[in-house]
Amino acid sequence: MKHTRKMIPLYTRLCFRRILTTKESFLLCNQRYSQSLKSNPSHQVLVSTTDDIYTNLALEEWLYEKENLTDKSILFMWQNKPSVVIGRHQNPWLECNVPRLRDCGIDLARRISGGGCVYHDLGNLNCSFLKAKPLYNRRQNLDLVVRAITSHWDVDLQVNVREDIVLEGLYKVSGTASKLGKHNTFHHFTLLHDVNVENLEMALESPMKMGVQSKATESTRSRIKNLSECDFTIDFMSLVDVIGHQFYKEAGVQGEIEWINPKDESIFPGVSEFRKLAEGWEWKFGKTPKFSTNRTFTSDKLGTELSLICNFEKGRIHKAEIVCDCSTTTVKDYTDTLQRELLGQRLCREDLNQVLKVHDLSHLVRHEQLVIEWINQCCVQALCTGV
Amino acid sequence: HEVIGRCIFGQLNKLQKCKTIAKVTNIQCRNISISQRLLGVKYFTEKHEWVEVNGEVGTIGISEFAQDQLGEVVYVQLPEIDTELELGQEAGVLESVKAASEVYSPISGVVTEANTALEDAPKLVNDSCYEKGWLYKMTIREPSELDHLMKEEDYLKFIKD
């Protein structure tokens, strides 16, 4: 197989890759999937026709919660337009650049599985192995994928002790996480084939690094490389094809790769409810473990120092302590009011804009005006929501 | 008036008698239920949770077998106080390096306390799963639910199999 691929001329290879478009595959297979659910096959490979992260995560959760996996194992694959996905117990403000993601239209999502923060775009393949608890085995899934890839392309790929898939012994091309329930489990992981590394680095650089104490789980950063840098024919379609067929082969069964619409309520009744929750602020940000920030700002020009301590619970300001060493009553009143008004506000632009807006300070003396404006700017900087 | 008075008085008397009977019966029942539920005894589920009964409060945790399977716990998500839980309902999540595993409530009741020490030291679940690594406490709404759980000797046999 390996040699045949290399010998076929480039032009022909490009043609073969696009034999069936996404839509055509979907139309062919959608009906087959709903039929196969009734006949209860032992193994299924499903591929999503959407690139929306919330929709795809919703379907994965639906399969985990609703499917009877006692006599069935599912491999679900999908890709997303640019998104950042954090683990169940992570802090999005510490793991990525929340205001920047918002400004760039990059979605932020929180998984139900554990693990660290990852950046997705169309150059990343997501694989999710859904199995019954007795069959849960992460190493087996990762080895399957490595075998699938290395048998089709000349690539140095291995699984390391941390259960990461590593390229050339150095570069991480996959991050893994799982979820264990009463009867069902899933193990999912990313596979970088052609991700935009510059965007990844920008998205995962948090501006809220200083002075923060947090109980949330942290990510482990690694050097990465795209699989397509080894062989440009490695892409979403070819990976889906190769991995999907390996899944059936190792199960000793015949099967087709089935393209499905994760929004189809006739096949997945109730899936839209999962999507609604996945997209909501309460899930994405409100589930953040407690954390606090302790910042000190100094202005030599104004000859003042500001201390800002904030405790956050459920993504909201639980306690705020703002102390400025400027002794005037006006400034003291301002910081007292700010402290009071910040309480209970969500750590998001909409809520904080109301509180941190610039007031009419024309009635104050120049020095006080400057101090108050400076205090405002420091708060905006410390809270990092890009107000 | 006298008739009515006598009637009411008669009813009150009856009520008094009934109350006394009820009091006696109650005490007898309570005595029986305490002797069956020895203080400090742990009951185990097939999902490897345990509940220890102390009076009307149950303390919930996970077993040695479960913590070993999980690997090092890095985060513990516990139920909030006053949450009403049904038997078998998801009560929380234990995240380890290997996976996020759901914890199921072994009995029905209302959460009274969560082990906040686990916020700073989630590894207590691994190091002291029967003592310092307890997860949460709850009321015991249906004591009969404990009858369906395993005592320690039976649980040890269960995990051997």
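Being a predicted model, the structure only gives us computed values, none of them experimental. Chain naming here is simple, since letters A, B, ... match the order of the sequence lines and numbering starts at 1 in each.
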Counting heavy atoms not belonging to [X], are there more than 12 under 6.0 Å from its [atom1]?
{"X": "B:Glu84", "atom1": "CD", "result": "yes"}
{"X": "A:Glu218", "atom1": "CD", "result": "no"}
{"X": "A:Lys276", "atom1": "NZ", "result": "no"}
{"X": "B:Glu131", "atom1": "CD", "result": "no"}
{"X": "B:Lys47", "atom1": "NZ", "result": "yes"}

> Are B:Glu90 and A:Lys182 ion-paired here, with the side-chain N under 4.0 Å from a carboxylate O?
Replying inline: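 No, no charged N to carboxylate O under 4.0 Å.
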>> What I want to find out is whether A:Arg88 reaches B:Glu95 closely enough, with some N-O distance under 4.0 Å, to be called a salt bridge.
In response: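 B:Glu95 and A:Arg88: not salt-bridged.
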>> For a quick test of reading the model, state the closest non-hydrogen atom pair linking B:Ala100 to A:Ile112 and the distance between them.
In response: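 In terms of heavy atoms, the two residues are closest at CB-O, 4.1 Å.
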>> Tell me the closest heavy-atom pair linking B:Tyr75 and A:His89, and the distance in Å.
In response: CD2-CG, 3.1 Å
>> Please identify, among A:Ser113, A:Ser178, A:Gly114, the residue contributing the most non-hydrogen atom pairs under 4.5 Å to chain B.
In response: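 The candidate making the most pairs under 4.5 Å is A:Ser178.
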> Taking side chain as C-beta onward, heavy atoms only, is B:Val93 less than 4.5 Å from A:Lys179?
Replying inline: yes
> What part of B:Val103 lies closer than 4.5 angstrom to a heavy atom of chain A: side chain, backbone, both or neither?
Replying inline: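 Answer is neither: B:Val103 stays 4.5 Å or more from chain A.
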> Where does A:Arg138 contact chain B at under 4.5 Å (heavy atoms): side chain, backbone, both or neither?
Replying inline: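 When you check distances to chain B, only side chain atoms of A:Arg138 fall under 4.5 Å.
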